[in-house]
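For reference, positions follow the sequence shown, starting with 1.
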Amino acid sequence: MTIPALKIKVSQMESPKSGSPVANQYEIRTDDGVYFQSYRSIIAFRPYGDGKIVLDEYYWDYSRTTGKYRNEFLGENTAETRKKIKSGEYILANLN
C-alpha cells in the first residue's frame, strides 16, 4: 500500500514591527494554498492561482489580535475586507 505524502508546512507569523515570531498566529502552507490560523481557529484560506479567498464565517473578525494578523495575511485593512465580502470577491464559509 502506498500512502501519499502530504506537503504541509506550518510557520509562525512574525510581528510587522519587530520581525519576531508571534505566539498563536500561524500560516499553514499546503499543496492547494495558504491558511491563516489564529489560536485554534482557521480564519482564512488563500488558494494558489485565481481562486477566491475564503474567510471563516464566524471567526474572520473574532478579536482585535485575530484582525491584526488577518489584515497582515491579506495585505489590507478590515474595511477593505468587508467591501470584498460584500462584493462577493471573498467567500464566507465554515472553515472549522
Considering all heavy atoms of both residues, which atom of [X] and which atom of [Y] are nearest to each other, and what is their separation?
X     : Y     : result
Thr66 : Ser38 : OG1-OG, 2.9 Å
Ala23 : Gln12 : CA-NE2, 3.5 Å
Trp60 : Ile43 : CA-CG2, 3.8 Å

Inter-residue atom distance [X].[atom1] - [Y].[atom2], 0.5 Å rounding:
X     : Y     : atom1 : atom2 : answer
Asp56 : Gln37 : CG    : CD    : 11.5 Å
Phe45 : Lys52 : CZ    : NZ    : 14.5 Å
Lys83 : Tyr90 : NZ    : OH    : 12.5 Å
Gln25 : Ser15 : CD    : OG    : 11.0 Å
Phe73 : Arg46 : CZ    : CZ    : 4.0 Å

Can you check side chain to side chain contact (heavy atoms under 4.5 Å, CB included) on Leu95 and Tyr59, steps first, answer last?
-> CA-CA 9 Å; Leu95 296 177; Tyr59 292 109; over 6 Å; no
Does one hydrophobic cluster hold both [X] and [Y], with members joined at side-chain heavy-atom distances below 4.5 Å?
X     : Y     : result
Tyr48 : Ile8  : no
Met13 : Val10 : no
Tyr62 : Ile42 : no

Would you sort out whether Ile91 and Ile53 count as a side chain to side chain contact (heavy atoms under 4.5 Å, CB included), showing the intermediate values?
-> CA-CA 6 Å; Ile91 298 169; Ile53 288 175; over 6 Å; no
Checking Arg70 against Phe36: charged group under 6.0 Å from the ring centre and within 45 degrees of the axis?
->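 No, Arg70 and Phe36 do not form such a contact.
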Per the side-chain contact (heavy atoms from CB on, under 4.5 Å) rule, which among Asn24, Leu74, Val22 passes with Tyr69?
->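 Among the candidates, only Val22 passes.
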Donor-acceptor under 3.5 Å (Thr81 side chain, Asn77 main chain) |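 At least one qualifying donor-acceptor pair exists.
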Tyr39: hydrophobic cluster co-members (side-chain, 4.5 Å) =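 Under the 4.5 Å side-chain rule, Tyr39 groups with nothing.
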Sequence-distant partners of Glu27, salt bridge (charged side-chain N to carboxylate O under 4.0 Å, His left out), two or more places apart |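 In terms of salt bridge (charged side-chain N to carboxylate O under 4.0 Å, His left out), with neighbours along the sequence ignored, Glu27 is linked to Arg29.
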